[in-house]
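Before any comments, here is the structure.
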There are 2 protein chains.
Amino acid sequence: MSNNVQTPSRATAFDAPHDLVKEIIYQIRRLLQARELYTKELNKKYQVSAPQLNCILALYENGPLPPSQIAKYIMVKSSTVTGIIDRLEQKGLVTRLRNSPDRRVITIELTEAGKRLANNAPPPIQQKIIDGLKRLPEGEIEEIVRGLTKLTYMLEVQDLPVE
Amino acid sequence: MSNNVQTPSRATAFDAPHDLVKEIIYQIRRLLQARELYTKELNKKYQVSAPQLNCILALYENGPLPPSQIAKYIMVKSSTVTGIIDRLEQKGLVTRLRNSPDRRVITIELTEAGKRLANNAPPPIQQKIIDGLKRLPEGEIEEIVRGLTKLTYMLEVQDLPVE
DNA sequence: TAAATAAGATTTGAATTGAAATATTCCGTC
DNA sequence: GACGGAATATTTCAATTCAAATCTTATTTA
């Protein structure tokens, strides 16, 4: 992936849809802030943050995984996963196992408490989005997906570096 | 805004567009990671991060502002702004002024170096989107805006809490 | 006027994030 | 078997983010 910083080229009067672009940037920033506020709230009420919850759900859906795999599922670097696992382990929700023939690999496994949490967990994003989308005709949902996909494609994260 | 964590209601087979919802969550996560990778790269090449740059641009476009106003422009809480200003001040790009009759208020002002940076600034993440969007017909851009707006509307972040 | 309240900025503390450096282990080649 | 490189996990470091608490200053109320 080429994530290169480009040479400055400030928008001019000739950039056709400049206001629309501003609107898009603005909406993206809103999405991200909503996400951030939600994870803080989650943490207060359930003592588990969104990244931690995503990690738990990845393990619940896929079985025990090494950190490198978790990183791919939840789309963060593996150095980030280490910290998340640390905190989940402190809470007794996961355990680190060294049971692979390859002794570089460790396996992260849900404890019983971790499985219980996975079953009763709040959704990893606002229920509002899920509920809101349920009320839309499938065509509109597809439109949203198309739009987002175009954006991520522009950002060249289609092929996220696997590290 | 009520951003409350709602009672768990895991999606079931009866949730029609479940995979599409997952796809949406996935794409949002991608947007976030793209933003994060970009800001690291920016920081390495220009010694200024994306939030710092956005702060500089907000000041450039609107003139000197107090931290509380900057927070609104770049959509973060004001305690976050304090840290950003600290680092910009250390780099000599902005200065804190106490020139308001209300002595609680401080004003952040660009230095000459700060103005130079604003003029020659590397593009914030926007530029990639701008360049990408230039190649799309206006109708598709509007589609993207519509989709994002629907999402943020669902989150009821239309009225982001001002703090 | 005195006390309570509000507003603006900051401090503190915890979590996330990724780059870079560091171990540890494995694997191929010599 | 020894060495060099690749893979896996971790550590370290700096930046961002927000909530909550704190400090200072204004404003309102009693």
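Here the structure is a predicted model, which is why all the values come from computation and not from measurement. Every chain is numbered from 1, with letters handed out A, B, ... down the list of sequences.
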For [Y], does its backbone N or O pair with a side-chain atom of [X] as donor and acceptor, under 3.5 Å?
X: A:Arg29; Y: B:Met75; value: yes
X: A:Ser78; Y: A:Val81; value: no
X: B:Thr111; Y: B:Gly92; value: yes
X: A:Thr152; Y: A:Leu148; value: yes

Can you tell me if [X] touches the phosphate of [N], counting only side-chain N or O atoms and a distance under 4.0 Å to OP1 or OP2?
X: B:Arg35; N: D:dT17; value: yes
X: A:Ser68; N: D:dA9; value: yes
X: B:Gln52; N: D:dT16; value: yes
X: A:Thr80; N: C:dT17; value: no

**Q.** Selected nucleotide, minimal atom distance to A:Ser49 side chain, candidates C:dT25, D:dC18, C:dA15
**A.**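 The answer is C:dA15.
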Rounded interatomic separation in angstrom, taking [atom1] from [X] and [atom2] from [N]:
X: B:Asn43; N: D:dT16; atom1: CG; atom2: P; result: 7 Å
X: B:Leu42; N: C:dG18; atom1: CG; atom2: C1'; result: 14 Å
X: A:Arg87; N: D:dT11; atom1: CZ; atom2: C1'; result: 14 Å
X: B:Lys77; N: D:dA21; atom1: NZ; atom2: P; result: 16 Å
X: A:Lys40; N: C:dA14; atom1: NZ; atom2: P; result: 12 Å
X: B:Asp86; N: C:dT11; atom1: CG; atom2: P; result: 7 Å
X: A:Arg96; N: D:dT8; atom1: CZ; atom2: P; result: 16 Å
X: B:Lys91; N: D:dA14; atom1: NZ; atom2: C1'; result: 11 Å

Q.
Taking B:Tyr60 as the starting point, is it possible to reach B:Val94 by hopping between hydrophobic residues whose side chains are less than 4.5 Å apart?
A.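 Yes: a chain of side-chain contacts under 4.5 Å links B:Val94 to B:Tyr60.
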Q. For the base of C:dA19, is there a side-chain donor-acceptor partner from A:Ser79 under 3.5 Å away?
A.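 It does, because a donor-acceptor pair links the side chain of A:Ser79 to the base of C:dA19 below 3.5 Å.
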Q) Is there a donor and acceptor pair, one atom on the side chain of A:Arg104 and one on the base of D:dA9, closer than 3.5 Å? A)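 In this structure, the two groups form no donor-acceptor pair.
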Q) Hey, which of these two, B:Ile74 or A:Lys44, hits DNA chain D nearer its 5' end, going by closest nucleotide? A)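 Final value for this comparison: B:Ile74.
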